[in-house]
Amino acid sequence: MNVAASEFYGKDKTCDLNFKEENNNGSQKISEVQLKDLYKSFVSEYPITQRLTKLDLLLGALKL
């Protein structure tokens, strides 16, 4: 799971979970808080290993 939301984070500050769908009607948009809560539910329900890579650090630094 790659949690870098830049692909589906919109100008309206929502996260469109259906961003790749050609006929996207916007029904899968959620707030940043809802996305955070969704990721937290995944971590509590599944044994996810959290890993930060050099690429993550580089890309994060470039966006500052």
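Every value quoted in this text rests on a predicted model; they were computed, and no experiment measured them.
Interatomic distance, CD1 of Ile30 versus CG of Asn18, reported as 11.5 Å (0.5 Å rounding). In this structure, the separation between SG on Cys15 and CD on Gln28 is 12.5 Å, given to the nearest 0.5 Å. With rounding to the nearest 0.5 angstrom, the CG atom of Asn24 is 13.0 Å from the CZ atom of Phe8.
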Would you please test Leu35 and Leu17 for side-chain contact (heavy atoms from CB on, under 4.5 Å) and show each step? CA-CA 9 Å; Leu35 182 63; Leu17 302 182; 4.2 Å; yes
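In this view, Ser27 and Asn25 satisfy the side-chain hydrogen bond (donor to acceptor under 3.5 Å, both in side chains) rule, not counting sequence neighbours.
Although no hydrogens or angles enter the test, the distance criterion places no donor-acceptor pair under 3.5 Å between the side chain of Glu45 and the main chain of Phe42.
The salt bridge (Lys or Arg N to Asp or Glu O under 4.0 Å) contacts involving residues 13-24 comprise nothing, where partners must be two or more places apart or lie in separate chains. The salt bridge (Lys or Arg N to Asp or Glu O under 4.0 Å) contacts involving residues 23-42 comprise Asp12-Lys29, where partners must be two or more places apart or lie in separate chains.
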